[in-house]
Number of protein chains: 2
Amino acid sequence: MRKPGCPLCDADGGHIVFAGDRFRLVRADEAGFPAFYRVVWNDHVAEFTDLGAADRALCMEAVAQVETLLREHLQPHKVNLAALGNAVPHLHWHVIARFEWDTHFPSPVWAQERRPAETARIAHVNGQLPRLEEALRNALEARPGNCTPS
Amino acid sequence: MRKPGCPLCDADGGHIVFAGDRFRLVRADEAGFPAFYRVVWNDHVAEFTDLGAADRALCMEAVAQVETLLREHLQPHKVNLAALGNAVPHLHWHVIARFEWDTHFPSPVWAQERRPAETARIAHVNGQLPRLEEALRNALEARPGNCTPS
């Protein structure tokens with residue numbers, strides 16, 4: 001179910017890490033946050049409770065899987081999870097690794113920035129992303145209920 | 001399991017709507033947002049994935065129950081869900097009814113405010129909260145796995 005004109009129906013919404021038949025995982029290009037991912041539900045639904053209980057569980061266990069691997073690979077100071085959708089009301093879960101040195105910590109990524117970007121530290125995290133994303137792809141492909149379309 | 005000095009171990013974190021043995025629901029006093037709730041996990045854990053899969057499901061179905069009743073009672077323009085915890089790393093889910101007229105919409109509640117508070121509209125929502133919160137309490141008490149402590 002797609003809605004013409006919706007940015008997350010018309011486009012992937014970021015760099016595809018995993019594309020399943022129910023949801024996809026994309027890396028967002030948000031300046032200053034090198035490990036900012038989104039679990040995007042493929043069908044156009046606005047609210048989390050527009051999904052039934054089984055789909056909510058499928059979706060949140062994917063979010064939890066992403067969080068688990070972000071923690072294992074990057075040891076962030078905190079992980080932030082959020083489904084807002086005020087501007088783009090198509091269900092997507094932000095899964096963001098936060099570091100004490102990032103531009104906004106401990107503020108939310110949507111608040112005022114607190115300090116300049118630490119380019120060397122961002123580059124270090126960037127260097128870890130290929131292995132992280134391979135692990136993410138493998139883990140999400142192995143989960144029941146979200147096959148890769150053939 | 002409590003951590004001395006943690007604001008969500010030492011205090012409720014808001015006006016108690018429902019207190020169960022695994023989690024509680026509180027209404028936060030956040031200026032300009034009359035229906036800003038938090039599902040607070042009682043044990044001190046920092047990340048969503050510090051919970052096992054069964055507890056994650058219990059927690060998120062409580063979040064979904066709160067969202068469902070916010071939608072039924074208040075017809076918000078959008079519901080926002082978030083577990084951030086950068087400042088207070090004790091698992092709590094923000095469940096926030098957002099309205100097109102609120103001070104920040106469509107920005108996140110943590111971003112810059114866009115307009116003055118509409119006191120008459122806020123008062124109208126406030127008037128709906130007693131019935132909403134009675135429904136929330138009844139629904140959460142009826143859920144398996146989170147008995148009210150006797």
Side-chain angles (χ1 to χ4, degrees), chain A residues 33 39 45-72 75-100 102 104-114 139 143, chain B residues 33 39 45-72 75-100 102 104-114 139 143:
Chain A
F33 304 106
V39 173
V45 295
E47 301 284 8
F48 185 52
T49 53
D50 288 336
L51 301 182
D55 281 344
R56 287 198 297 269
L58 179 73
C59 185
M60 287 315 292
E61 284 305 286
V63 168
Q65 180 69 78
V66 175
E67 178 178 294
T68 296
L69 288 168
L70 287 180
R71 293 177 72 184
E72 280 179 24
Q75 293 88 44
H77 191 75
K78 191 70 193 65
V79 177
N80 291 173
L81 307 176
L84 307 179
N86 304 321
V88 178
H90 176 133
L91 182 63
H92 56 284
W93 278 94
H94 305 284
V95 186
I96 314 163
R98 300 297 309 277
F99 299 93
E100 283 175 315
D102 75 35
H104 289 60
F105 198 88
S107 299
V109 302
W110 304 281
Q112 188 97 33
E113 128 181 346
R114 287 170 173 259
R143 297 193 78 81
Chain B
F33 304 106
V39 173
V45 295
E47 301 284 9
F48 186 51
T49 53
D50 288 336
L51 301 183
D55 281 344
R56 287 199 296 269
L58 179 74
C59 184
M60 287 314 292
E61 284 305 285
V63 168
Q65 179 69 79
V66 175
E67 177 178 295
T68 296
L69 288 167
L70 287 181
R71 294 177 71 185
E72 281 179 22
Q75 292 88 46
H77 192 75
K78 190 71 193 65
V79 177
N80 291 173
L81 306 178
L84 308 180
N86 304 321
V88 178
H90 176 133
L91 181 63
H92 57 285
W93 278 94
H94 304 284
V95 186
I96 313 163
R98 300 297 309 277
F99 300 93
E100 282 175 315
D102 75 34
H104 289 59
F105 199 88
S107 298
V109 302
W110 303 281
Q112 188 97 33
E113 130 179 345
R114 287 171 173 258
R143 296 192 78 83

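These figures come from a predicted structure and were not determined experimentally. Chain letters run A, B, ... following the sequence lines, proteins first, then strands; residues in each count from 1.
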Scan for salt bridge (charged side-chain N to carboxylate O under 4.0 Å, His left out) pairs involving residues 77-91 of chain B, sequence neighbours excluded, and state none if there are none. A:Glu47-B:Lys78

Roughly how far apart are A:Leu69 CG and B:Thr49 OG1, rounded to 0.5 Å? 9.5 Å

Give me the atom names and distance for the closest heavy-atom approach of B:Ala82 to A:Ala82. CB-CB, 3.8 Å

Chain B contact via A:Ala111 - side chain, backbone, both or neither, heavy atoms under 4.5 Å: both

Note: vs chain B, highest number of non-hydrogen pairs under 4.5 angstrom among A:Arg71, A:His94, A:Gln65, A:Glu100 is A:Arg71

Is the closest side-chain heavy-atom distance between B:Val63 and A:Arg56 below 4.5 Å? no

Given the options A:Leu51, A:Thr68, A:Val79, A:Leu81, which has more heavy-atom pairs under 4.5 Å with chain B than any of the others? A:Leu81

I'd like to check the side-chain hydrogen bond (donor to acceptor under 3.5 Å, both in side chains) partners of B:His104; sequence neighbours left out, ordered by chain and number. none

With chain B as the partner, which of A:Pro108, A:Gly85, A:Ala53 has the greatest number of non-hydrogen pairs under 4.5 Å? A:Pro108

Side chain, backbone, both or neither: which part of B:Ala64 has a heavy atom under 4.5 Å from chain A? both

Heavy-atom distance under 4.5 Å between the side chains of A:Val109 and B:Trp110, does that happen here? no

Taking atom CD of B:Glu113 as the centre, does the number of heavy atoms from other residues, nucleotides or ligands within less than 6.0 Å exceed 12? yes

What part of A:Phe105 lies closer than 4.5 angstrom to a heavy atom of chain B: side chain, backbone, both or neither? side chain

Using every non-hydrogen atom in the two residues, find where A:Phe48 and B:Glu67 come nearest and quote the distance to one decimal. N-OE2, 3.5 Å

Per-residue contact mode, A:Glu61 against chain B (heavy atom under 4.5 angstrom): side chain

